[in-house]
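Here the structure is a predicted model, which means the values were calculated and not measured. Per chain, numbering begins at 1; letters A, B, ... match sequence-line order.
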Amino acid sequence: MAATTLRSVTTYDLKLAAPLALGFLVFFVTPLVILLALSFQADPQGSRYGLTQYVHFLADRFSLGVLGSTLWLGVKVTALTLLLGYPVAWLHQRAPGWGKGVIMLLVLLPLLTSVVVRTFAWVVILGRQGIINAALGGLGLIDAPLKLLYTDSGVVMALAQVQMPLMVLPLITALSRIDPNLADASSVLGAGHWRTFRKVTLPLSLPGIIAGCLLTYAAAITAFITQSLIGGGQMLFMPMYIYQQASTLQNWPFAAAISIIFLAAVLVVVSVFTVLGRLSRGYTNA
Amino acid sequence: MLLTRRNLMQTALTLGAMHAFPGLTWAQARPLVFATFTGSWEEAHKAVLVPAFRKATGNADMVLDPMLSVDQIAKVTAAKNNPPIDVMLHDPGPALQAVAQGLVEPYPVEKSAYYKDLIPAAQEPTGPAPFFQVVGLTYNPETVKTPPTSWADLWKPEFKGRVGITNLNSTLGTGFMVELAKMHGGSESNIDPAFKAIEALRPSLAAVAANPGQLATLFQQGQIDISPGNFNAIQILKARGVPVEFVAPKEGAIAFKTTIHIVKNSPNKELAFKLIEAALSPEVQATLMEEPYLIVPTNTKVAMKGEIAKALAKDHAEIASKFVFQDWAKINEQRAAWIERFNREIRV
């Protein structure tokens, strides 16, 4: 048989992806195009087209403030999640077989309950008569209950817990790919624990850190339910702003423009992460 | 039963034909879809209104599809020629929007047996109001020893840091602001005094909830002791054992008409009319007035009883004198600007 008739076993026909591509086209690209078209309407009736809605948003300090505080909220949540999630992933890596199972179960457990339920649990924890205030009051550390619910730090705490699995799972994957001999080699060569972590473990886990940060960030800034239940009515973030314009005011063009601007802002952040990811891959392979 | 290829094909073809030409089946093209509100409304309608409708129509097929007013409007707007909903239920603000956007069929008033018995405020030719929602003051009787009597009590120094309000996304929040404006010399078209009043209330505010439902959570958590509140929502909380009480302030409780509409181009107009007739009928309204629903009736043939007579109004004449109805056509004109102003100015 001639060798030319044999098909390559490592490349696949792109046609196999056609159903997925079609699905994306119909359910993702089309609505996005409609959204984009809607955002260029100058008024809700669609009598004129133009950049009115974008000018309205970008020339308005209040709207820009909402965008800024949403993006900043994502940074805070991501940082806190990384800080709390990394030790968990590290512990998972070091734990014996049964310990790994337990840690994995604990990480995955929150994913099995709805975000609404988890968020309501935080309402109970952070409330005036909640667990934190009751404990601090019982210990005599505070006289009057602290205000935790409807505050910025409350939102950050709750979001960090709610999104934690998105950070820990990529970290576990990244850490488990690191050859354990590398740490031994490092200590044989005279590096202490701290130096080994800094020079070996941390750089090698960078792809996991970046993947985790990306997921957490995207989830945190768009978390409509947690933001509004813990943040209340006076802390306005982008998802609530879009909802308010689209639903309460029926101002779809402006809501569409806000959505597109939000999408663009998130894409910028995501591409920064992606560039970092590419750099880190070069770093770890070097 | 034996499944042969032949009778499977037959069944499939018949079903297909029935679907393609609904006229063939001689019955409804699809069940009547009534978009009620979620939560207690859905429960009340499932338990009382749906059975009454079935009885009146000889078990016509219908489904409840509970959703918010704004979602109803969005869904009908998206498919104006073949709407997925036959009957809509609306708060006053969204009702005017739906009518303005031409989504609503005028109610066949001359055919209706009950329309003329409704109190005048409920007689809307675009869609009558079978129910009221009433907003007054809600407080926690364990911490508030002297029951409040006026909206002005919210500003009392003893409630510093204990007051909850909602933002203007909700009908409740907007109605409350209009009432504040009226108390301080403003009106539906002059909201300025209300913003000044809220500014003065700021030290007292413990929370600005994103929606009225959150106020319930805040009472349960002891986060707030007093707030404007919806009579029906409070009854549900009370039934669950949360320490809350409702009072109608002496300025008058704010009443919102909940109107019910036949959707334009609905394929089930006749059934839609029958459902609305059932909702207006004294039998249904009398049952819905009882525990645990406590929905304020609009049909004058229903005598006020129970908790409603005690807390709100003992007859329909008292509704007219004690309830405050607001001009939502005027409110809608400026509501967008108010929401924007509230976003900007009210930061706790």
Side-chain angles (χ1 to χ4, degrees), chain A residues 31 34 43-46 56-57 60-63 65-66 69 116 119-120 122-134 144-152 154 224-237 239-241 243-252 254-255, chain B residues 67-74 77-78 91 93-94 96-98 100-101 143 161-162 164-171 173-174 198 202 205-225 332 334-348:
Chain A
I34 296 175
D43 52 44
Q45 287 73 40
H56 180 49
F57 187 96
D60 179 21
R61 283 188 50 187
F62 171 77
S63 300
V66 175
S69 65
V116 181
T119 303
F120 262 105
W122 275 99
V123 173
V124 177
I125 292 169
L126 297 173
R128 251 178 91 89
Q129 298 164 355
I131 297 169
I132 295 180
N133 273 321
L146 298 173
K147 189 178 158 115
L148 299 167
L149 202 60
Y150 286 24
T151 60
D152 201 46
F224 178 74
I225 297 168
T226 312
Q227 286 171 4
S228 61
L229 278 179
I230 308 286
Q234 72 271 46
M235 286 172 63
L236 194 60
F237 295 110
M240 186 50 133
Y241 199 25
Y243 174 81
Q244 199 180 54
Q245 295 296 327
S247 266
T248 316
L249 297 176
Q250 298 275 312
N251 189 354
W252 289 12
F254 189 51
Chain B
M67 63 184 103
L68 297 173
S69 269
V70 287
D71 296 333
Q72 298 176 25
I73 292 183
T77 310
D91 278 359
L96 287 164
Q97 280 180 356
Q101 291 173 26
T143 49
R162 310 300 304 137
I165 59 173
T166 80
N167 64 21
L168 300 191
N169 284 3
S170 60
T171 308
T174 308
I198 290 284
R202 200 189 289 222
L205 288 182
V208 180
N211 56 57
Q214 278 190 8
L215 285 176
T217 318
L218 293 170
F219 269 106
Q220 278 173 310
Q221 293 301 317
Q223 197 87 9
I224 54 174
D225 286 337
N332 270 8
Q334 298 186 43
R335 192 167 173 204
W338 299 352
I339 290 185
E340 201 165 315
R341 183 166 170 193
F342 196 90
N343 280 345
R344 277 155 216 258
E345 290 183 10
I346 312 302
R347 301 243 148 191
V348 177

Any side-chain donor near an acceptor of the partner, Gln244(A) and Asn167(B), under 3.5 Å =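 The criterion, which ignores hydrogens and geometry beyond distance, is not satisfied for Asn167(B) and Gln244(A).
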Give me the contact list for residues 211-218 of chain B versus chain A, heavy atoms only, anything under 4.5 Å, ordered by residue number.
->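 Contacts with chain A: Gln214(B), Thr217(B), Leu218(B).
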Checking heavy atoms, do the side chain of Ile73(B), its backbone, both or neither come under 4.5 Å from chain A?
->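 When you check distances to chain A, only side chain atoms of Ile73(B) fall under 4.5 Å.
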Could you pull out the closest heavy-atom pair between [X] and [Y], with the gap in Å?
{"X": "Arg335(B)", "Y": "Thr171(B)", "answer": "NH2-N, 3.9 Å"}
{"X": "Lys147(A)", "Y": "Ala206(B)", "answer": "NZ-O, 2.8 Å"}
{"X": "Glu340(B)", "Y": "His56(A)", "answer": "OE2-CE1, 4.3 Å"}
{"X": "Ile230(A)", "Y": "Trp122(A)", "answer": "CD1-CB, 3.7 Å"}

Partner chain A: residue of Ile339(B), Thr166(B), Asn169(B) with the largest heavy-atom pair count (under 4.5 Å) = Asn169(B)
Could you check whether the rings of Phe57(A) and Tyr241(A) sit parallel, tilted or perpendicular, using 30° and 60° as the cut-offs?
-> tilted
Which answer fits Asp60(A), side chain, backbone, both or neither, if we ask what part of it has an atom under 4.5 Å from a heavy atom of chain B?
-> side chain
For Asp43(A), check salt bridge (Lys or Arg N to Asp or Glu O under 4.0 Å) against everything at least two apart and list the hits.
->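 None.
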